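For reference, the structure discussed in these notes is given below.
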Amino acid sequence: MSEVVVGFESFTDFLAMGGHGLYVWLSYAIALVVVALNLMAPLRTKNRFIKSRHDVCAGSKAKYDP
């Protein structure tokens with residue numbers, strides 16, 4: 001049977017990433033925020049557009065102001 005090779009001695013070593021943990025986890029966090037914003041921005045724009053169309057159709061004088 002082959003052995004499973006583990007790259008870190010403990011979970012703490014895994015989080016520390018050989019002294020580079022701060023940079024590694026910070027880059028993951030930044031990437032996650034960017035992905036979340038890229039998913040939310042079009043939804044927000046769509047909702048604003050739908051609201052503006054609803055206001056126009058309802059006879060309101062409201063205008064779409066990005």
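Note that the coordinates shown come from a computational prediction; the quantities given were computed from them, not determined experimentally.
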Would you say the side chain of Met17 lies within less than 4.5 Å of the side chain of Phe8, judging by non-hydrogen atoms? yes
Just so I know, are the side chains of Phe11 and Leu15 near enough to count as touching, which here means a heavy-atom distance under 4.5 Å? yes
For Phe14 and Glu9, what are the C-alpha separation, side-chain angles and deciding distance, and is it a side-chain contact (heavy atoms from CB on, under 4.5 Å)? CA-CA 8 Å; Phe14 171 71; Glu9 296 288 324; over 6 Å; no
About how many Å separate NZ of Lys51 and NE2 of His54, when rounded to the nearest 0.5 Å? 8.0 Å
Under the criterion side-chain contact (heavy atoms from CB on, under 4.5 Å), which of Leu37, Ile30, Val35 is the partner of Val33? Leu37
